Amino acid sequence: MTVITRFAPSPTGYLHVGGARTALFSWLYARKTQGEFVLRIEDTDRERSTEASVQAILDGMSWLGLDHDRGPIYQTDRFDRYNEVIQQLLEEGKAYRCYHSQAELDDMREQQKARGDKPRYDGSCRNLAEYPEDQPHVIRFRNPIEGSVYIDDLVRGQIEISNSELDDLIIARTDGTPTYNFTVVVDDWDMGITHVIRGDDHINNTPKQINILRALGAEVPKYAHVPMILGDDGKRLSKRHGAVGVMQYRDDGYLPQALLNYLVRLGWSHGDQEIFNVDEMIELFSLEGINRAPSAFNTEKLNWLNQHYMKTLPTSEVAQHLDWHLKEQGIEVSDKSVLEVLIPLFSERCETLKQLASQMRYMFEDVSEFNANAAKKHLKVSAAAPLKLLKEKMQSLNEWSAENIESAIEQTMTELEIGMGKIGMPLRVAITGAGQSPAMNILCSVLGKGICNQRIELALEFIEQRRLQSEQR
RNA sequence: GUCCCCAUCGUCUAGAGGCCUAGGACUCCAGGUUUUCAUCCUGGCAACAGGGGUUCGACUCCCCUUGGGGACGCCA
């Protein structure tokens, strides 16, 4: 039997990390079993569903590389089918019309709550003498009264819910449109879904859905309810912390590979292994490895993974993603090939592509000003002589290479009998404007002789200004 | 309130009754390597929620308590 899984978001917002992880698990399971992965858009709530949200979800999925084999299927395109099934249920007496107004229902709930009962529909329209079609009504599913529903959950084991806990849920609204718990059932059935992998906030919906499935004579799929993701503070994800769309992670400078790796390890594990590329995930993923407890999102670990992938992924791949951020930050790179050299150098000091791009800025643009602290500390009057000598030595190099630049620095040190700090740091501030950077000889070799000369001259002028100022005082 | 789910370092987790003096990873701290910063290497801090059982033996099984989460919509 071919495994068919699905991801079925409702387009009422962006694709957040919780949804993305559920999608990832479903996708991995389908890929691992060489099954099929269906994307279904649950847009029956026309009030809240938006085209923009659909796009955000599609964008998020594609950025993460979670490709679907079927879909996107929109539930709003399937109303005819839903109505057909509703009619069938009605005819078979498995569903019935209910004439209570929303206000009446609200009252009922209030009273039940006040009494300390579980709020639920009391079933008073279950056995009416007549069911007129022309009066405003909803359609309810006739839920079994006796017995229990058992879920053999692939991650939780067996769960029993008594039918007495369930009420006759509404499957069609007064306006005739079908509701969630019903459309899910019809779709999962029609699409032949074999494994429903979803958030555990749906556990309570599962027995209702199983009852409808049975009434329809449909096969009940296997269920795997994965725990929720909590925010950094252990609280439920909210817009204030963590519940941002996955595209925000792109904007913030994360690699899809890093997010994927982070997400797969959140609530799932394979022994002590921390690093998984996508192929390994597919190979090693199993539903048994999914944890039962909810887990908190930890940005620091995501950062660590992101840096790991910036350092270890082929530079050409990092370069592609970096390119987006360079453009975003208005940094123009005429010769893309230098990125091959720069990425390994800079990614050791950055956690995100966003930082990577911004830290590289001085490699592509003039240094507009020196970092105040760095300049104060290193562009001192005493640095003028070493810088000047080094500049001359660099200028007289026949071959402009990192090795030769390094020996120019070393010669300067020996001739003036000074340490690295007295020449390396002034050079660093002169060239980069900042107090820290990758190795100077390599940066200089990439920048070229002319630019290095210019920048050192500028730094020397800066020092001269400073000398004059101190003399005036 | 009722029902359902969950419970190992701060966080992510390993652990399928003896392998546990509870392992790994992130963070943090201390050393080392290093042309600064970082990377990297070595070491360290840090947990089985509590109480009862079952058992020769419990982190592992059962029950209770506590704590967290979820559901209870003409939302999905």
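All values derive from a computational prediction rather than experimental measurement. Convention: sequence-line order gives letters A, B, ...; per-chain numbering from 1.
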Engineer: If you take all heavy atoms of A/Met394 and A/Lys449, which pair is closest and at what distance?
Structural biologist: O-CE, 3.5 Å
Engineer: Write down the protein N/O and nucleotide N/O pairs, taken from nucleotides 58-65 of chain B, whose separation is under 3.5 Å; answer none if there are no such pairs.
Structural biologist:
none

Engineer: Using purine N1 to pyrimidine N3 plus N6-O4 or O6-N4 for Watson-Crick, or N1-O2 and O6-N3 for G-U wobble, both under 3.5 Å, which nucleotide pairs with B/U2?
Structural biologist: B/A71
Engineer: Using the C1' atom as the reference point in each nucleotide, state the distance between B/G15 and B/A7 in Å, no decimals.
Structural biologist: 15 Å
Engineer: What's A/His202 touching, base or sugar-phosphate or nothing? Going by heavy atoms closer than 4.0 Å.
Structural biologist: base
Engineer: Between B/C41 and B/G17, how far is it from one C1' atom to the other, in whole Å?
Structural biologist: 39 Å
Engineer: Which value, in whole Å, describes the distance between the C1' atoms of nucleotides B/C4 and B/C61?
Structural biologist: 22 Å
Engineer: Using the P atoms only, state how far B/U60 lies from B/U55, rounded to an integer number of Å.
Structural biologist: 16 Å
Engineer: Got A/Trp189 and A/Ile212 here, is their nearest side-chain heavy-atom distance under 4.5 Å?
Structural biologist: no
Engineer: List the atom pairs, donor and acceptor, that lie under 3.5 Å between side-chain atoms in residues 378-392 of chain A and the rest of the protein, sequence neighbours left out.
Structural biologist:
| residue | atom | partner | partner atom | Å |
| --- | --- | --- | --- | --- |
| A/Lys380 | NZ | A/Lys377 | O | 3.4 |
| A/Lys391 | NZ | A/Glu457 | OE2 | 3.1 |

Engineer: Rounded to whole angstroms, how far apart are CD on A/Glu351 and C1' on B/U27?
Structural biologist: 11 Å
Engineer: For nucleotides 10-18 of chain B, which of its nitrogen or oxygen atoms have a protein nitrogen or oxygen under 3.5 Å away, and what is each distance?
Structural biologist:
| residue | atom | partner | partner atom | Å |
| --- | --- | --- | --- | --- |
| B/C12 | OP1 | A/Ala296 | N | 2.8 |
| B/C12 | O2' | A/Arg265 | O | 2.9 |
| B/C12 | O2 | A/Lys301 | NZ | 3.3 |
| B/U13 | OP1 | A/Gly267 | N | 2.3 |
| B/U13 | OP1 | A/Ser295 | OG | 3.4 |
| B/U13 | O3' | A/Ser269 | OG | 3.0 |
| B/A14 | OP1 | A/Ser269 | OG | 2.7 |
| B/A14 | OP2 | A/Asn291 | ND2 | 3.4 |

Engineer: When the C1' atoms of B/C45 and B/C62 are considered, how many whole Å apart are they?
Structural biologist: 36 Å
Engineer: Short of 4.0 Å, heavy atom to strand atom, which residues of residues 44-56 of chain A count as contacting RNA chain B?
Structural biologist: A/Thr44, A/Asp45, A/Arg48
Engineer: Does any pair with a residue in residues 158-185 of chain A pass ring-ring contact (aromatic ring centres under 6.0 Å, His included), and if so which ones, sequence neighbours excluded?
Structural biologist: A/Tyr180-A/His202
Engineer: Extract from the structure each pairing of a protein N or O with an N or O of nucleotides 1-4 of chain B at less than 3.5 Å, listing the distance.
Structural biologist:
| residue | atom | partner | partner atom | Å |
| --- | --- | --- | --- | --- |
| B/G1 | O2' | A/Gly116 | O | 2.2 |
| B/C3 | O4' | A/Glu165 | OE1 | 3.3 |

Engineer: Quickly work out the A/Met420 CE to B/C37 P distance and round it to whole Å.
Structural biologist: 12 Å
Engineer: Mind calculating the distance between OH (A/Tyr121) and P (B/G73) to the nearest angstrom?
Structural biologist: 13 Å
Engineer: Mind checking A/Pro9 for me? I need base, sugar-phosphate or nothing, with any heavy atom below 4.0 Å counting as a touch.
Structural biologist: nothing
Engineer: For residues A/Pro11 and A/Asp43, report the shortest heavy-atom separation together with the two atoms involved.
Structural biologist: CG-CB, 3.8 Å
Engineer: Residues of residues 95-105 of chain A with any non-hydrogen atom less than 4.0 angstrom from an atom of RNA chain B: list those, numerically ordered, please.
Structural biologist: A/His100, A/Ser101, A/Gln102, A/Leu105
Engineer: With a 4.5 Å heavy-atom cut-off, do A/Phe346 and A/Leu443 have their side chains touching?
Structural biologist: yes
Engineer: Work out how far the P atom of B/C12 is from that of B/A49, and round it to whole angstrom.
Structural biologist: 14 Å
Engineer: Tell me the closest heavy-atom pair linking A/Pro72 and A/Ile41, and the distance in Å.
Structural biologist: CB-CG1, 3.9 Å
Engineer: Classify the ring geometry between A/Tyr131 and A/Tyr96 as parallel (under 30°), tilted (30 to 60°) or perpendicular (over 60°).
Structural biologist: tilted
Engineer: Sequence neighbours excluded and cut-off under 3.5 Å, please list the side-chain donor-acceptor pairs for residues 283-298 of chain A, or say none.
Structural biologist:
| residue | atom | partner | partner atom | Å |
| --- | --- | --- | --- | --- |
| A/Ser286 | OG | A/Gly289 | N | 3.3 |
| A/Asn298 | OD1 | A/Lys301 | N | 3.3 |

Engineer: Return whichever of A/Leu302 or A/Arg109 has its heavy-atom-nearest nucleotide of RNA chain B closer to the 5' end.
Structural biologist: A/Leu302
Engineer: To the nearest Å, give me how far apart CG (A/Leu443) and C1' (B/U36) are.
Structural biologist: 12 Å
Engineer: For A/Asp122 and B/C72, give me the distance from atom CG to atom P, rounded to whole Å.
Structural biologist: 18 Å
Engineer: Could you tell me if A/Gln307 and A/Glu351 have a donor-acceptor pair between their side chains, going purely by distance under 3.5 Å?
Structural biologist: no
Engineer: Check salt bridge (Lys or Arg N to Asp or Glu O under 4.0 Å) between A/Asp200 and all other residues, then give those that pass, not counting sequence neighbours.
Structural biologist: A/Arg156
Engineer: By the salt bridge (Lys or Arg N to Asp or Glu O under 4.0 Å) test, which pairs, at least two apart or in different chains, include something from residues 6-18 of chain A?
Structural biologist: A/Arg6-A/Asp188
Engineer: Answer whether the closest heavy-atom distance between the side chains of A/Tyr249 and A/Val17 falls below 4.5 Å.
Structural biologist: yes
Engineer: Counting only N and O atoms by type, is there a donor-acceptor contact under 3.5 Å from the side chain of A/Asn373 to the main-chain atoms of A/Ala434?
Structural biologist: no
Engineer: Heavy-atom count around A/Glu417 CD within 6.0 Å, excluding the residue itself: above 12?
Structural biologist: no
Engineer: Does B/A7 have a Watson-Crick or wobble mate here (both distances under 3.5 Å), and if so which one?
Structural biologist: B/U66
Engineer: Within the supplied structure, the quantity of interest is the number of heavy atoms (other residues, nucleotides, ligands) at a distance under 6.0 Å from A/Glu160 CD; does it exceed 12?
Structural biologist: yes
Engineer: Regarding A/Asp167, tell me which of base, sugar-phosphate or nothing describes its non-hydrogen contacts under 4.0 Å with the strands shown.
Structural biologist: nothing
Engineer: In whole angstroms, how far is the C1' atom of B/C37 from the CG atom of A/Asn373?
Structural biologist: 14 Å
Engineer: Using whole Å, report how far CG of A/Leu166 lies from P of B/C72.
Structural biologist: 12 Å
Engineer: Can the ring centroids of A/His137 and A/Tyr99 be said to lie less than 6.0 angstrom from one another?
Structural biologist: yes
Engineer: Is there a salt bridge (Lys or Arg N to Asp or Glu O under 4.0 Å) between A/Lys222 and A/Asp152 once you walk through the steps?
Structural biologist: CA-CA 7 Å; A/Lys222 299 216 181 307; A/Asp152 278 310; over 6 Å; no
Engineer: Taking atom P in both B/C59 and B/C19, what distance in whole Å separates the two?
Structural biologist: 9 Å
Engineer: Which of these, A/Arg140, A/Lys208, A/Arg126, sits in a side chain to side chain donor-acceptor pair (under 3.5 Å) with A/Asp168?
Structural biologist: A/Arg126
Engineer: How would you summarise protein contacts on nucleotides 39-51 of chain B per nucleotide, using B for base, S for sugar-phosphate only and - for none, with heavy-atom distances below 4.0 Å?
Structural biologist: SS-----------
Engineer: Check if the side chain of A/Thr174 and the base of B/C74 share a donor-acceptor pair of N or O atoms closer than 3.5 Å.
Structural biologist: yes
Engineer: Which nucleotide in the set B/C74, B/G69, B/U35 lies at the smallest distance from any side-chain heavy atom of A/Met228?
Structural biologist: B/G69
Engineer: Starting from the 5' end of RNA chain B, give me the residue, A/Ser437 or A/Tyr180, whose nearest nucleotide shows up first.
Structural biologist: A/Ser437
Engineer: Using a heavy-atom distance cut-off of less than 4.0 Å, which residues of residues 133-155 of chain A contact RNA chain B?
Structural biologist: A/Val138
Engineer: Is any side-chain N of the basic residue among A/Lys113 and A/Glu110 closer than 4.0 Å to the acidic one's carboxylate O?
Structural biologist: no
Engineer: Taking the P atom of each, how far is B/G10 from B/C72, in whole Å?
Structural biologist: 34 Å
